[in-house]
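Below is one structure, written out as structure tokens, with a few remarks after it.
All heavy atoms count here, side chains included; hydrogens, waters and symmetry mates do not. Residue numbering restarts at 1 for every chain, and letters A, B, ... go by the order of the sequence lines. The shown structure was predicted, so the numbers you read here are calculated from the model rather than taken from an experiment.
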Number of protein chains: 2
Amino acid sequence: MAYLQPLSFTEENYLKAIYSLSERAESFDTSTNEIALKTNTKPPTVSDMLRKLADKKLVTYEKYKRVQLTKSGRQVAIQVIRKHRLWEVFLHDKLEFTWDKVHEVAEQLEHIRSEELISRLEKFLGYPTNDPHGDPIPSANGELTQAKRIILSDVGEGKVCYVVGVKDSTSPFLQYLQQLNIGIGTKIKLIERIAYDGSLTISMRKGQQISVSKKFADNVLVTV
Amino acid sequence: MAYLQPLSFTEENYLKAIYSLSERAESFDTSTNEIALKTNTKPPTVSDMLRKLADKKLVTYEKYKRVQLTKSGRQVAIQVIRKHRLWEVFLHDKLEFTWDKVHEVAEQLEHIRSEELISRLEKFLGYPTNDPHGDPIPSANGELTQAKRIILSDVGEGKVCYVVGVKDSTSPFLQYLQQLNIGIGTKIKLIERIAYDGSLTISMRKGQQISVSKKFADNVLVTV
DNA sequence: AACAAAAGTTAGATTAACCTAACATTTATT
DNA sequence: AATAAATGTTAGGTTAATCTAACTTTTGTT
Ligand SMILES: [Mn+2]
Ligand SMILES: [Mn+2]
Ligand SMILES: [Mn+2]
Ligand SMILES: [Mn+2]
């Protein structure tokens, strides 16, 4: 394995962007324009960068074709994501940032270079498995178990989950969510499933229990 | 007061270097070569940077003359120092980094841009007044109260003092300190000064007496 | 004061990261 | 298949931060 000289913030950001774009494609690849969109740059800038990353064996790329991360490029991306998410946990759990503000700061912190810093931070945080948005935190050796999203209705009794999205985007539904004080990242514990109508008793935060209908729970996406 | 667009890491590092170099001069100024030394760059690089910083009204500078921070430049430098020292406290107190390793990481963390991050961090740390090296932490509005410190060599016989900092920050010195189990806050009683070579007999904690050289005692900062 | 040494600047390059305008290739649609 | 649209690359330029080599100014020393 070739020795990798430290990458710049910029290179790390591109790898992270390529990772998240290619993860959501069947073929695990992405395109120049998509990357430009995601990184707020212009396509020519991306072309240059792709050539550079290809030279460093971080992506496989031929001009006019779609790009893929190499194994080594993917490992780098995952390490950056690991750092990003650990910092998000720190900001949220320790510094009490609200979940919608952690991202911007973590975007900077993720580039701090120190192995020791990250392993100590992880220990300090109690080896968390998910960030405040419910996304999984990769392990030090780069393993990432892609949490599969399920609907709240399918969570087991007694299990804890995190809200990661919704299936219904209509106003009444979103307003109801807001009324219940449920948003992305909300940690929910499923207390009981009522067999009669599929409604659920759940608890959030400081344990206030509420009851929600099956119809509602069918439209909330969570990860366990 | 002119609105200041965010400075680059590099610019912040130069301002910090200029601050610390000029603080220790009678005339509160410093020179191109000194800055180059401190920042591990070459004099021409510094010349360029000084012109740029002068344009931004962060330093007063005329070519071939010595340079001084403006009020605004000093404020920026102090804020960077504030961030640096708060992060050092975090690394030392929360992540249990040893004394001699906090600096390198703080050197990176000090450039993270977020007012909110720093104020929350400060609160989380319990509003510390000194960093792990004993140096004072500037307040949010840029005040920095420097306690009078003397070197251990100048403490009178029979007097008691407290370690508040060091003059030498190199690894061998810091390691020797650790070996002697001397750190910030350590209470030291000066038992005897040997006229012959200026070496000192001191006692700490449970009264174990040890002898230290003048060279060593010249680099330990204390308050009586 | 004269000259040598030290300190500091300018000139001219380089590299990374970006851009716009022009060109090339691939793909989609008559 | 021909053409239009979309996508992607090259050419050529900019800015920040750095360097070496050559030059200039200031300072120190006979
Ligand atoms: Mn980032
Ligand atoms: Mn996240
Ligand atoms: Mn720094
Ligand atoms: Mn310090």
Worked verdict on B/His84 versus B/Asp131 for side chain to side chain donor-acceptor pair (under 3.5 Å): CA-CA 9 Å; B/His84 183 102; B/Asp131 81 5; 5.9 Å; no
Go through it in stages, so that I can follow the logic: the residues are B/Glu107 and B/Lys16, the test is salt bridge (charged side-chain N to carboxylate O under 4.0 Å, His left out), and I'd like the CA-CA distance, side-chain angles, deciding distance and then a yes or no. CA-CA 11 Å; B/Glu107 203 56 47; B/Lys16 199 159 63 102; 3.0 Å; yes
ring-ring contact (aromatic ring centres under 6.0 Å, His included) between B/Phe90 and A/Phe90: does it pass, once the steps are laid out? CA-CA 12 Å; B/Phe90 170 70; A/Phe90 169 69; 4.9 Å; yes
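Taking atom CD of B/Glu12 as the reference point, atom C1' of D/dA16 lies 15 Å away to the nearest angstrom. Nucleotide D/dG8 holds its P atom 9 Å from the OH atom of A/Tyr61, rounded to whole Å. Atom CG of B/Leu37 is separated from atom C1' of C/dA7 by 13 Å (rounded to the nearest Å). To the nearest angstrom, P of C/dA16 lies 8 Å from CD of A/Glu11. Atom CG of A/Asn33 and atom C1' of C/dT25 are 13 Å apart (whole Å). Look at CZ on B/Phe9: it is 13 Å from P on D/dT18, rounded to the nearest Å. Between B/Tyr64 atom OH and D/dT27 atom P the separation is 12 Å, expressed in whole Å. Summarising the geometry, the separation between CZ on A/Arg66 and P on C/dT27 is reported as 10 Å, rounded to the nearest angstrom.
Remark: aromatic rings of B/Phe97 and B/His92 are distant, center separation not under 6.0 Å.
Across all non-hydrogen atoms, the minimal contact from B/Arg193 to B/Leu152 is NH2-O, 4.5 Å.
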Between the protein and nucleotides 18-21 of chain C, list every N/O to N/O distance that falls short of 3.5 Å.
unit_1: C/dC18; atom_1: OP2; unit_2: A/Tyr14; atom_2: OH; d: 3.2
unit_1: C/dC19; atom_1: OP2; unit_2: A/Lys42; atom_2: N; d: 3.1
unit_1: C/dC19; atom_1: OP2; unit_2: A/Thr45; atom_2: OG1; d: 2.4

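Here the side chains of B/Val80 and B/Leu15 are not in contact, with every heavy-atom distance at 4.5 Å or above.
OP1 or OP2 of D/dT9 lies within a sub-4.0 Å distance of a side-chain N or O belonging to A/Thr32. One finds a side-chain N or O of B/Lys63 lying less than 4.0 angstrom from the OP1 or OP2 phosphate oxygen of C/dT10. In this structure, A/Arg51 reaches the D/dT10 phosphate: one of its side-chain N or O atoms is under 4.0 Å from OP1 or OP2.
Judged as a ring-ring contact (aromatic ring centres under 6.0 Å, His included), and not counting sequence neighbours, the contacts of A/Phe173 are A/Phe216.
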